[in-house]
2 protein chains.
Amino acid sequence: MGFTKKHIFDKQQNDIATFTKMIGHPARVSIIQYISQNKDCNCNALVKAIGLAQPTISQHLGEIRKTGLLNQTVKGKSLFYSINQDKLNECRRVVNDFFVKTQVNCSK
Amino acid sequence: MGFTKKHIFDKQQNDIATFTKMIGHPARVSIIQYISQNKDCNCNALVKAIGLAQPTISQHLGEIRKTGLLNQTVKGKSLFYSINQDKLNECRRVVNDFFVKTQVNCSK
DNA sequence: ATTTTTTATTGTAATATTGCAATATCACGT
DNA sequence: ACGTGATATTGCAATATTACAATAAAAAAT
């Protein structure tokens with residue numbers, strides 16, 4: 001196989017998995033951290049800061065973008081990225097909810 | 001390639017990625033939820049509840065176990081799983097820390 | 001118009017992940 | 001000892017992911 005049988009799980013479970021999977025690579029963790037720390041961060045800056053090739057960074061940016069976590073602004077030649085704080089909040093809430101519920105259930 | 005260049009990232013970034021990657025599959029989300037909700041949960045119960053083949057569930061259990069999130073107790077023929085609450089707490093703290101720091105940085 | 005800069009896309013290779021059938025293992029009951 | 005039940009392991013096929021070189025595209029500068 002190789003593909004995930006998403007249809008046998010509910011939306012909440014798939015949402016939790018989608019968000020955590022998006023974070024589940026150190027390059028993407030690093031990209032999100034860097035963007036949050038640097039206003040006017042473009043792809044080139046990430047390439048220099050992280051040390052992966054430009055297409056690789058671009059690919060990871062695409063993965064993060066798919067979840068809606070990134071805002072983009074064109075300024076001259078550059079494309080500046082920033083964190084979509086609403087989506088970050090949603091992501092945090094979804095993941096935290098999972099932890100809280102799991103912990104509560106454990107303590108019953 | 002296909003492999004992750006972990007060495008170019010720091011321990012914290014790799015830890016965040018390792019934990020979130022472990023959660024980043026709906027079957028593993030489902031397994032963790034089910035174990036937390038059912039005392040004396042064994043592999044067979046998960047196979048019936050989730051609807052993936054036994055080797056597949058066993059493989060996912062292995063992935064979760066690698067991070068230390070599972071306790072095991074042998075009782076008769078069965079192997080009962082439960083959540084290691086200390087590790088769950090650590091996992092929650094690591095991931096939440098990532099969200100908090102990212103949010104704080106965004107708001108500067 | 002040409003060059004430069006920036007980023008995305010395409011193509012490709014290597015590796016990892018997902019899923020299952022078949023099998024092995026190990027403990028219990030007979 | 002033998003069969004049964006529970007779980008892990010092995011082997012395999014299909015797909016996904018990671019990484020990068022080469023190329024395309026689009027905007028700004030010369």
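Convention: sequence-line order gives letters A, B, ...; per-chain numbering from 1. Scope of the values below: all heavy atoms of this structure, side chains included, with no hydrogens, waters or symmetry mates.
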Practice item. Would you mind reading off the distance between Ile64(A) atom CD1 and dT17(D) atom P, rounded to a whole angstrom? Key: 14 Å
Review point. So does Asn42(B) get a side-chain nitrogen or oxygen closer than 4.0 Å to the phosphate oxygens (OP1/OP2) of dA6(D)?
Key: no
Review point. Does a side-chain N or O from Ser58(A) land closer than 4.0 Å to OP1 or OP2 of dA8(C), or not?
Key: yes
Exercise for review: Take the protein atom CD1 of Ile35(B) and the nucleotide atom C1' of dT7(D), then report the distance between them rounded to whole Å.
Suggested key: 13 Å
Point to revise | Any donor-acceptor N or O pair under 3.5 Å, side chains Gln13(A), Gln33(B) | key: yes
Review point. Quick one: Phe9(A) CZ to dG19(C) C1', roughly how many Å, whole number?
Key: 11 Å
Check your understanding: Quick one: Phe80(B) CZ to dA8(D) P, roughly how many Å, whole number?
Key -> 13 Å
Point to revise | Integer-rounded Å distance: dT4(C) P and Lys77(A) NZ | key: 11 Å
Exercise for review: State whether the distance check finds a donor on one side and an acceptor on the other, under 3.5 Å, for side chain Gln59(A) versus base dA8(C).
Suggested key: no
Practice item. Tell me whether the OP1 or OP2 atom of dG19(C) has a side-chain N or O from His25(B) closer than 4.0 Å. Key: yes
Exercise for review: Assign Ile57(A) to base, sugar-phosphate, or nothing according to its heavy-atom contacts below 4.0 angstrom with the strands shown.
Suggested key: nothing
Exercise for review: Over all heavy atoms of both residues, which pair between Ser82(B) and Ile35(B) is shortest? Give the atoms and the distance, please.
Suggested key: CA-CG2, 3.6 Å
Practice item. Respond yes when some side-chain nitrogen or oxygen of Tyr81(A) is under 4.0 Å from OP1 or OP2 of dA8(C), and no when none is. Key: yes
**Study point:** Whole-Å gap separating P (dG29(C)) and NZ (Lys75(B))
**Key:** 15 Å
Check your understanding: What are the two closest non-hydrogen atoms of Gly24(B) and Thr20(A), and how far apart are they?
Key -> CA-OG1, 3.2 Å
Point to revise | Nucleotide dT7(D), atom P - distance to CD of Gln72(B) in whole Å | key: 11 Å
Exercise for review: Determine the minimum heavy-atom distance between Ile64(B) and Met22(B), stating which atoms define it.
Suggested key: CA-CG, 4.0 Å
Check your understanding: Relative to each other, are the rings of His60(B) and His25(B) parallel, tilted or perpendicular (30° and 60° limits)?
Key -> tilted
Point to revise | Residue mapping more 5' on DNA chain C - nearest nucleotide basis, Cys43(A) or Lys5(A) | key: Cys43(A)
Check your understanding: Between dT6(C), dA21(C), dT10(C), which one does the side chain of Pro55(A) approach most closely?
Key -> dT10(C)
Check your understanding: Is His60(A) near enough to dA19(D) that one of its side-chain N or O atoms lies under 4.0 angstrom from OP1 or OP2?
Key -> yes
**Study point:** Integer-rounded Å distance: dC20(C) C1' and Ile50(B) CD1
**Key:** 16 Å
Point to revise | Position toward the 5' end of DNA chain D (nearest nucleotide), Phe3(A) or Gln54(A) | key: Phe3(A)
Study note, to complete from the structure: Walking DNA chain C from its 5' end, the first of Thr4(A) and Ser78(A) to be reached, judged by nearest nucleotide, is Ser78(A)
Check your understanding: Has Lys21(B) got a side-chain N or O lying under 4.0 Å from the OP1 or OP2 atom of dT17(C)?
Key -> yes
